[in-house]
Amino acid sequence: MKELVRKNILNLSPYIAGKPIEETKRQFGLKEVIKLASNENPLGPSPKALGAIKKSLLGINRYPDSQGFYLKRKLAKSLGIEPDNLVLGNGSDELIDVIIKTFVEEDENIITADVTFLEYEIIAGTNGRRVIKTPLKYFKYDLESIKGKIDKKTKIIFVSNPNNPTGTYVTKYEVEELLGGLPDNILLVLDEAYNTFIDVDDFPNSLKYFKNKNVIVLNTFSKAYGLAGLRIGYAIARRELTTYMERVRQPFNVNLLAQAAAAAALDDKEFLRRTRKLVLEGKNYLYDGLTGLGLAYVPSAANFILIDAGRDGVELFKEMLKFGVIVRDMKQYGLNNFIRVTIGTKKENARFLKVLRKVLSGGKNR
Ligand SMILES: *Cc1c(COP(=O)(O)O)cnc(C)c1O
């Protein structure tokens, strides 16, 4: 049947998602399973979002607002931009697709890092677009080397900032240096899915760039707002760019419950504050625990930590699974001896360390 499939689809590897909790319970006959594999919010959804969903449920016989009018207005106000600077997506994943479809011609290429969010390469692949990958430097995007890879056919540079799965970030100085020398026909996409968790001063304020530069900023309600299951994200850009992206997206891409939930979540400052506190405290707790186990990790600006396990990450993932702890092995990212752990609740973090200690002292492997 292969003759039926487009050539560039034949070579794609499927995205491997974090292992679901229910599946793990079934497989190992476990009662309590914790998932620290997909950088989700361990506190649950924003309570305000939940309230809005309940109120909207009786309206789901209707199509959602195709323009996302109310949510865009609210989001724009909270960001200090105009509603027509926004494009809403069925998760920011969809917006990566919309961006590539809107801007990248068949013979043009995309530059990103070699260890980064896998969707850039996968979605480029489904669209038959070429991706040039540059190596990270000390686990961090190397914007200098990206600049060096730009050729006549380059259209987009994708930067995950902070970078998933390493947790590192590029500073405003680095971004501004890249932007300074960027040709007018190239777009820089800054994917800021984790920017709520930043606690440094030199992180770029991307809202400053998009008005005068060819910059698109991506963000999502999946991580800090706890709405991963509803699928809603957004892109920020000049209206000269968003107007074309609006033509490419599906007319009802963001469902009715997601629009209502996201709008309400924006008001949930208390939930965001609790989430940030949990992540920042949990991070230090896990750093200490990992150091205690003699493991190296990459300091993270996000809600997850990349850990050098010093042994096969897939094996470690499988061993931890038996004790009801789901982490993410990094094989698909080419980091065979690493795992990535999402910062959970206090209890989950403690359980993660306990199981990690148990498995590591099991004496198997090296
Ligand atoms: C999680 C994540 C996204 C987002 O996702 P959606 O759930 O599709 O909004 C985007 N970029 C990065 C780098 C991520 O880690």
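Atoms within each ligand, like the ligands themselves, are counted from 1 in listed order.
For the side-chain contact (heavy atoms from CB on, under 4.5 Å) criterion with Leu280, the lone passing option out of Thr275, Ile343, Asp199 is Asp199. Shown are Val104, Ile122, Ile100, Ile110; of these, the side-chain contact (heavy atoms from CB on, under 4.5 Å) with Asn127 is made only by Ile100.
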N/O to N/O under 3.5 Å, ligand 1 against protein:
from     : atom 1 : to     : atom 2 : distance (Å)
ligand 1 : 5 (O)  : Ser92  : OG     : 3.3
ligand 1 : 7 (O)  : Ser222 : OG     : 2.6
ligand 1 : 7 (O)  : Arg231 : NH1    : 2.8
ligand 1 : 7 (O)  : Arg231 : NH2    : 3.4
ligand 1 : 8 (O)  : Ser92  : N      : 3.1
ligand 1 : 8 (O)  : Asp93  : N      : 3.0
ligand 1 : 8 (O)  : Asp93  : OD1    : 3.3
ligand 1 : 8 (O)  : Arg231 : NH2    : 2.7
ligand 1 : 9 (O)  : Ser92  : N      : 2.7
ligand 1 : 9 (O)  : Ser92  : OG     : 3.0
ligand 1 : 9 (O)  : Thr220 : OG1    : 2.5
ligand 1 : 9 (O)  : Ser222 : OG     : 3.4
ligand 1 : 11 (N) : Asp191 : OD1    : 3.3
ligand 1 : 11 (N) : Asp191 : OD2    : 2.6
ligand 1 : 15 (O) : Asn164 : ND2    : 2.8
ligand 1 : 15 (O) : Tyr194 : OH     : 2.6
ligand 1 : 15 (O) : Lys223 : NZ     : 3.2

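Put simply, the side chain of Glu23 never gets that close to the backbone of Pro20: no donor and acceptor are under 3.5 Å apart. No donor-acceptor pair under 3.5 Å is formed between the side chain of Thr116 and the backbone N or O of Ala113. Side chain of Asp329 to main chain of Gly313: no donor-acceptor pair is present (N/O by atom type, distance under 3.5 Å, no hydrogens or angles).
A salt bridge links Arg239 with Asp84: the closest approach of a Lys/Arg side-chain nitrogen to an acidic carboxylate oxygen falls below 4.0 angstrom.
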